[in-house]
Amino acid sequence: VDNLRKHIRTSGLVSKIDLVITSPLLRTIQTAVGVFGGEEYVDGVQAPPLMVSNAGNSNHAAISSLSCPPFVAVELCREHLIENDDDILWKPDIREPTEEVANRGKKFINWLWTRKEKEIAVVTHSGFLVHTLRMFGNDCDPIVKEEISRP
């Protein structure tokens with residue numbers, strides 16, 4: 001996270017991002033905030049923290065919401081649905097099939113097209129990306145298709 005944060009800051013990419021979309025699961029939110037969030041939060045700053053200190057036992061300082069793009073947590077771009085008392089999409093005794101993950105990914109991509117923002121960073125899970133991207137690229141050169149379909 002720290003290396004990616006340094007890279008997007010030194011390259012100037014962070015100033016071009018209009019919106020950060022993240023899976024609602026804790027580890028992706030932590031990654032998104034660590035990479036695209038503001039500086040370390042200091043009491044008395046006129047903006048709320050984007051993430052509190054030690055969120056999810058991260059042993060990380062609070063991060064400010066100043067000078068960072070807006071964040072949106074989107075259920076469509078999470079990994080396989082998992083057992084959790086708070087997970088209303090999870091089905092007991094049924095692991096979400098790969099096809100359902102891919103279909104959810106397609107809905108997510110279609111939703112992205114409706115956004116007014118042009119430069120959007122998506123922080124999600126590798127499995128979600130692999131299953132989603134395998135649905136695309138059939139009309140691409142075989143080398144491109146292979147690259148976007150690789151786990």
Side-chain angles (χ1 to χ4, degrees), residues 1-9 11-38 41 48-65 68-151:
V1 170
D2 292 335
N3 288 337
L4 184 54
R5 179 181 178 84
K6 279 184 212 169
H7 173 71
I8 65 141
R9 294 202 178 288
S11 69
L13 183 60
V14 72
S15 64
K16 297 175 185 176
I17 302 295
D18 299 321
L19 178 67
V20 176
I21 296 174
T22 180
S23 159
L25 300 181
L26 179 61
R27 68 180 181 272
T28 51
I29 292 173
Q30 289 172 318
T31 299
V33 170
V35 172
F36 297 102
Y41 182 77
L50 186 58
M51 188 159 54
V52 298
S53 63
N54 202 31
N57 298 317
S58 66
N59 199 26
H60 198 284
I63 297 177
S64 172
S65 60
C68 71
F71 282 64
V72 176
V74 177
E75 194 67 40
L76 284 173
C77 70
R78 65 183 288 180
E79 65 184 351
H80 282 274
L81 301 180
I82 57 173
E83 180 178 359
N84 181 312
D85 291 338
D86 298 325
D87 191 344
I88 60 170
L89 298 177
W90 176 75
K91 299 170 194 161
D93 302 322
I94 301 173
R95 178 174 168 87
E96 184 182 27
T98 299
E99 299 78 35
E100 285 185 28
V101 175
N103 286 330
R104 198 163 33 83
K106 189 172 182 180
K107 288 178 188 174
F108 174 72
I109 298 285
N110 288 335
W111 175 79
L112 275 179
W113 285 116
T114 70
R115 300 293 308 184
K116 67 178 179 6
E117 300 87 358
K118 296 298 175 205
E119 301 293 334
I120 300 173
V122 176
V123 181
T124 188
H125 311 269
S126 63
F128 173 79
L129 288 173
V130 166
H131 298 314
T132 299
L133 293 176
R134 282 186 178 152
M135 294 187 68
F136 298 96
N138 291 326
D139 55 350
C140 294
D141 183 276
I143 294 171
V144 173
K145 174 67 175 170
E146 179 184 338
E147 189 65 30
I148 66 173
S149 298
R150 188 181 317 201

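Because the structure is a prediction, the values reported are computed rather than measured.
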Minimal non-hydrogen separation, [X] against [Y], with atom names:
| X | Y | value |
| --- | --- | --- |
| G37 | C68 | C-CB, 3.8 Å |
| T22 | I29 | OG1-N, 3.6 Å |
| V33 | R5 | O-NH1, 4.0 Å |
| M135 | K106 | CE-CD, 3.6 Å |
| P70 | L19 | O-CD1, 3.5 Å |

Atom pair [atom1]/[atom2] of [X] and [Y] - distance to nearest 0.5 Å:
| X | Y | atom1 | atom2 | result |
| --- | --- | --- | --- | --- |
| S23 | E75 | OG | CD | 7.5 Å |
| T124 | L25 | OG1 | CG | 8.5 Å |
| T31 | L26 | OG1 | CG | 9.0 Å |
| T98 | H131 | OG1 | NE2 | 4.0 Å |
| K116 | D18 | NZ | CG | 8.5 Å |

Apply side chain to side chain contact (heavy atoms under 4.5 Å, CB included) to residues W111 and V74 and explain how you reach the verdict. CA-CA 10 Å; W111 175 79; V74 177; 3.7 Å; yes
Before giving the answer on side chain to side chain contact (heavy atoms under 4.5 Å, CB included), spell out for H125 and R27 the whole-Å C-alpha distance, their side-chain angles and the decisive distance to 0.1 Å. CA-CA 10 Å; H125 311 269; R27 68 180 181 272; 3.6 Å; yes
Please determine whether side chain to side chain contact (heavy atoms under 4.5 Å, CB included) holds for the pair I17 and F36, giving the CA-CA distance in whole Å, both sets of side-chain angles, and the decisive distance to 0.1 Å. CA-CA 9 Å; I17 302 295; F36 297 102; 4.1 Å; yes
Going by salt bridge (Lys or Arg N to Asp or Glu O under 4.0 Å), name the residues that satisfy it together with R9, two or more places apart in sequence or in a different chain.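 R9 satisfies salt bridge (Lys or Arg N to Asp or Glu O under 4.0 Å) with no residue once adjacent residues are dropped.
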As a quick check of understanding, evaluate side chain to side chain contact (heavy atoms under 4.5 Å, CB included) for I21 and L112, giving each step before the final call. CA-CA 10 Å; I21 296 174; L112 275 179; 3.4 Å; yes
Side chain to side chain, I109 and T132, heavy atoms closer than 4.5 Å: yes
